[in-house]
K.L.:
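Dropping the structure in here first, questions after.
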Amino acid sequence: MSIAPTVNEWFLANRRDLPWRGEGFGAWGILVSEIMLQQTPVVRVIPRLEEWLARWPTPAALAAAPAGDAVRAWERLGYPRRALNLHAAAVAITELHGGVVPPDVPALLALPGVGEYTARAVAVFAYGRRHPVVDTNVRRVIARAVDGQASPGVPSTRRDLAAMEALLPEDAEDARLFNAAAMELGALVCTARAPRCAACPIAHLCRWRLDGYPPYLGVRAPAQKQYEGSDRQVRGLLLAELRASDIPVSAAELATVWPDAAQLSRALAGLLADGLVVSGDDGYELPG
DNA sequence: TATCCGTGGGC
DNA sequence: TGCCCAAGGAT
């Protein structure tokens, strides 16, 4: 079945006016936006993205800054390893690609923090290459409209890319549009909870709807672990302490952020192993 | 492949 | 109110 023309037409009339969709928004901006958008809602990304691009308008500009500046400027976007990865990617782009974000998927995949989704998103949205782009929204749209399932099953890159490829228009520009359109449909209409089927352009041919909205019976991903009291929370508290200080912080000062010494030690060791924190004679600090 | 990695908002 | 979810990636 060919849903692309209908979904594309809906997209042209209903798409959000997002910064990375503007004319002349370059490949570097697209890459930064895609990394920031990994597991992070659009509304929280937009202000941080604009600050970043004003400060570091090119990969070379970011590469010339200390990695710790990137971690500090990440503020509270979450998963701060992304900031470190983005800095390392900027260094790689500067040193290996002449300061230009590479246009092909294998070169993009080789960049730190760039996986199957992000590599294709950059190749398609920044360079107009024809590839399937599959994120959580697209997986859900296909699961429902095509497979008749309320939720996508366990992710499988090969299977998910093949499913999207089967729907993808031949023309590269139509394909680029459809990748964005399917994502937008999942984000605005075919949402995880309470899908707005009355507003859906393909409701009349959605397999899940035609089958009477059967409940999902497959295996579900295990629920996210409780954040309160987790190592993640302790890492976040430690990093917040270090972000707030311009000078190295002593172990004694860091010890005040969490009562459980063993857990705090474990979290700090993790941050050191990740390269998010370095230790020197005067204490702990963000990397130089 | 299952698990880990932040943070915040919605219901 | 606790749980689910959010343009994933690395190991």
Side-chain angles (χ1 to χ4, degrees), chain A residues 11 15-16 18-21 29-49 71 74-86 88-89 108-126 131-141 150-161 164 176 179-188 190-195 216 219-243 266-267 269-271 273-277:
Chain A
F11 180 61
R15 61 182 163 187
R16 291 169 291 179
L18 299 173
W20 44 90
R21 291 178 180 162
I30 301 275
L31 175 60
V32 175
S33 74
E34 292 297 352
I35 301 241
M36 287 186 170
L37 285 163
Q38 291 167 4
Q39 297 287 284
T40 306
V42 165
V43 290
R44 287 177 51 205
V45 163
I46 290 174
R48 204 65 51 239
L49 174 67
V71 174
W74 199 252
E75 297 191 6
R76 302 185 66 79
L77 271 184
Y79 293 146
R81 287 192 293 203
R82 293 183 293 168
L84 212 53
N85 284 335
L86 190 46
L108 286 161
L109 275 175
L111 297 173
V114 175
E116 299 287 355
Y117 163 76
T118 303
R120 287 176 176 78
V122 171
V124 170
F125 300 133
H131 300 288
V133 180
V134 178
D135 75 332
T136 185
N137 292 303
V138 172
R139 280 169 34 75
R140 188 173 53 250
V141 168
S151 306
V154 178
S156 157
T157 299
R158 193 166 306 279
R159 177 168 49 73
D160 296 339
L161 287 174
M164 187 58 172
R176 186 193 65 78
N179 277 309
M183 214 177 294
E184 190 81 335
L185 188 65
L188 298 183
C190 194
T191 51
R193 301 166 296 191
Y216 183 70
V219 294
R220 292 188 62 87
Q224 209 167 34
K225 251 178 55 179
Q226 180 67 30
Y227 182 66
E228 290 295 323
S230 68
D231 285 5
R232 280 186 195 181
Q233 184 185 20
V234 182
R235 285 170 58 108
L237 290 170
L238 287 171
L239 213 50
E241 192 75 10
L242 293 171
R243 270 199 307 262
R266 186 167 68 240
L271 290 170
D274 289 345
L276 281 164
V277 175

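To find a chain, count down the sequence lines: A is the first, B the second, and so on, and within it residues start at 1.
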K.L.:
Return no unless some side-chain N or O of Arg44(A) is found under 4.0 Å from OP1 or OP2 of dG9(B).
P.N.:
no

K.L.:
Just call it for Leu77(A): base, sugar-phosphate, or nothing, with non-hydrogen atoms closer than 4.0 Å on any strand.
P.N.:
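Counting heavy atoms under 4.0 Å across all strands, the contact made by Leu77(A) includes a base.
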
K.L.:
Specify the closest pair of heavy atoms between Met183(A) and Val133(A), including all atoms of both residues, with the distance to one decimal.
P.N.:
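For Met183(A) and Val133(A), the tightest heavy-atom pair comes out as CE-CG1, 3.8 Å.
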
K.L.:
Can you tell me which residue among Leu84(A), Leu238(A), Leu242(A) is in a side-chain contact (heavy atoms from CB on, under 4.5 Å) with Leu276(A)?
P.N.:
Leu84(A)

K.L.:
Closest to the Gln38(A) side chain: dA6(C), dG9(C), dA7(C)?
P.N.:
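Closest nucleotide to the Gln38(A) side chain: dG9(C).
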
K.L.:
Let me know the distance between NZ of Lys225(A) and P of dA2(B), rounded to the nearest Å.
P.N.:
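To the nearest whole Å, that distance equals 17 Å.
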
K.L.:
Identify whether any heavy atom of Ser33(A) sits under 4.0 Å from a base atom; if not, whether one sits that close to sugar-phosphate; answer base, sugar-phosphate or nothing.
P.N.:
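Since no nucleic acid heavy atom lies under 4.0 Å of Ser33(A), the category is nothing.
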
K.L.:
If I take atom CE in residue Met164(A) and atom C1' in nucleotide dA7(C), what distance separates them, rounded to the nearest angstrom?
P.N.:
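After rounding, the reported distance stands at 12 Å.
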
K.L.:
Which nucleotide, dG6(B), dA6(C), dT3(B), lies nearest any side-chain atom of Arg82(A)?
P.N.:
dG6(B)

K.L.:
Do Leu108(A) and Thr118(A) have side-chain heavy atoms sitting under 4.5 Å apart?
P.N.:
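No; the side chains remain at least 4.5 Å from each other.
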
K.L.:
Rounded to whole angstrom, note down the P distance from dT1(B) over to dA6(C).
P.N.:
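Comparing P positions in dT1(B) and dA6(C) gives a spacing of 22 Å.
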
K.L.:
When you compare dC4(B) with dA7(C), how far apart are their P atoms, in angstrom units rounded to a whole number?
P.N.:
23 Å

K.L.:
Under 4.0 Å, heavy atoms only, any strand: does Arg81(A) hit a base, just the sugar-phosphate, or nothing?
P.N.:
base

K.L.:
For residues Val138(A) and Met164(A), report the shortest heavy-atom separation together with the two atoms involved.
P.N.:
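Taking every non-hydrogen atom into account, CG1-SD, 3.7 Å.
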
K.L.:
Of Thr191(A) and Glu116(A), whose closest DNA chain C nucleotide lies nearer the 5' terminus?
P.N.:
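This one resolves to Thr191(A).
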
K.L.:
Checking side-chain polar atoms at under 3.5 Å, does Tyr117(A) have a donor or acceptor matched by the opposite partner on Glu34(A)?
P.N.:
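Their side chains do contain a donor-acceptor pair, which is all the 3.5 Å distance test asks for.
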
K.L.:
Side chain of Arg193(A), heavy atoms from C-beta onward: which of dC5(C), dG9(C), dA6(C) has the nearest atom to it?
P.N.:
dC5(C)

K.L.:
Taking only side-chain nitrogens and oxygens of Arg220(A), does any of them come within less than 4.0 Å of OP1 or OP2 of dC3(C)?
P.N.:
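For Arg220(A), the contact criterion (side-chain N or O under 4.0 Å from OP1 or OP2 of dC3(C)) is not met.
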
K.L.:
Rounded to whole Å, how long is the line connecting atom CG of Leu111(A) with atom C1' of dG8(C)?
P.N.:
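Atom CG in Leu111(A) sits about 15 Å away from atom C1' in dG8(C).
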
K.L.:
OP1, OP2 of dG6(B) versus side-chain N and O of Thr40(A): anything below 4.0 Å?
P.N.:
no

K.L.:
Classify the side chain of Ser230(A) and the base of dG6(B) as holding, or not holding, a donor-acceptor pair under 3.5 Å.
P.N.:
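Check fails, no donor-acceptor contact within cut-off.
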
K.L.:
What's the CE-P distance between Met36(A) and dT7(B), to the nearest Å?
P.N.:
15 Å

K.L.:
Would you classify Ala192(A) as touching base, sugar-phosphate or nothing, given that sugar-phosphate means primed atoms plus P, OP1 and OP2, and contacts are heavy atoms under 4.0 Å?
P.N.:
sugar-phosphate

K.L.:
Whole Å only: how far is the CG atom of Asn179(A) from the P atom of dA7(C)?
P.N.:
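These atoms are roughly 16 Å apart.
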
K.L.:
Within the 4.0 Å heavy-atom criterion, would you say Val43(A) contacts the bases, only the backbone, or no part of the nucleic acid?
P.N.:
nothing

K.L.:
Across the strands shown, which category fits Leu18(A) at heavy-atom distances under 4.0 angstrom: base, sugar-phosphate, nothing?
P.N.:
base

K.L.:
Tell me the interatomic distance from Tyr79(A), atom OH, to dC4(B), atom C1', rounded to whole angstroms.
P.N.:
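After rounding, the reported distance stands at 8 Å.
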
K.L.:
Side chain of Tyr117(A): nearest nucleotide among dG9(C), dA6(C), dG6(B)?
P.N.:
dG9(C)

K.L.:
Any side-chain N or O of Arg140(A) below 4.0 angstrom from OP1/OP2 of dA6(C)?
P.N.:
yes

K.L.:
What does Gly115(A) touch in the nucleic acid at a heavy-atom separation under 4.0 angstrom: a base, only the sugar-phosphate, or nothing?
P.N.:
sugar-phosphate

K.L.:
Check the surroundings of atom CZ in Arg16(A): do more than 12 heavy atoms from other residues, nucleotides or ligands lie under 6.0 Å from it?
P.N.:
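Yes, the 6.0 Å shell around CZ holds more than 12 heavy atoms from other groups.
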
K.L.:
Is a donor-acceptor pair below 3.5 Å formed from side chain Gln39(A) to base dC5(C), judging by atom type as modelled?
P.N.:
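It does not, because no donor-acceptor pair links the side chain of Gln39(A) to the base of dC5(C) below 3.5 Å.
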
K.L.:
Which part of the nucleic acid does Arg139(A) contact within heavy-atom distance under 4.0 Å: base, sugar-phosphate only, or nothing?
P.N.:
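Contact class for Arg139(A): none.
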
K.L.:
Select one nucleotide: of dG8(C), dA6(C), dA7(C), the one nearest the side-chain heavy atoms of Trp20(A).
P.N.:
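For the Trp20(A) side chain, the nearest candidate turns out to be dA7(C).
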
K.L.:
For Arg243(A) and dG6(B), what is the distance between atoms CZ and P respectively, to the nearest whole Å?
P.N.:
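It is 10 Å, rounded to the nearest whole Å.
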
K.L.:
Of all the choices, dA7(C), dG6(B), dC4(C), which nucleotide is nearest to the side chain of Ala223(A) once you look at every atom?
P.N.:
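Minimum distance to the Ala223(A) side chain belongs to dC4(C).
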
K.L.:
Which residue in the set Val42(A), Val122(A), Leu49(A) passes side-chain contact (heavy atoms from CB on, under 4.5 Å) when paired with Ser33(A)?
P.N.:
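For Ser33(A), the side-chain contact (heavy atoms from CB on, under 4.5 Å) test succeeds with only one of Val42(A), Val122(A), Leu49(A), which is Leu49(A).
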
K.L.:
Nearest nucleotide by nearest heavy atom, which residue falls closer to the 5' end of DNA chain C, Asn137(A) or Asn85(A)?
P.N.:
Asn137(A)

K.L.:
For Pro155(A) and for Tyr227(A), locate the closest nucleotide of DNA chain B by heavy-atom distance; then report the residue assigned to the nucleotide nearer the 5' terminus.
P.N.:
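Taking each residue's closest nucleotide, the earlier one in sequence belongs to Pro155(A).
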
K.L.:
Please report, rounded to the nearest Å, how far the C1' atom of dA6(C) is from the CZ atom of Arg76(A).
P.N.:
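The distance from CZ of Arg76(A) to C1' of dA6(C) comes to 17 Å, rounded to the nearest Å.
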
K.L.:
For dG8(B) versus dG9(C), give the span between their P atoms, rounded off to a whole number of Å.
P.N.:
22 Å

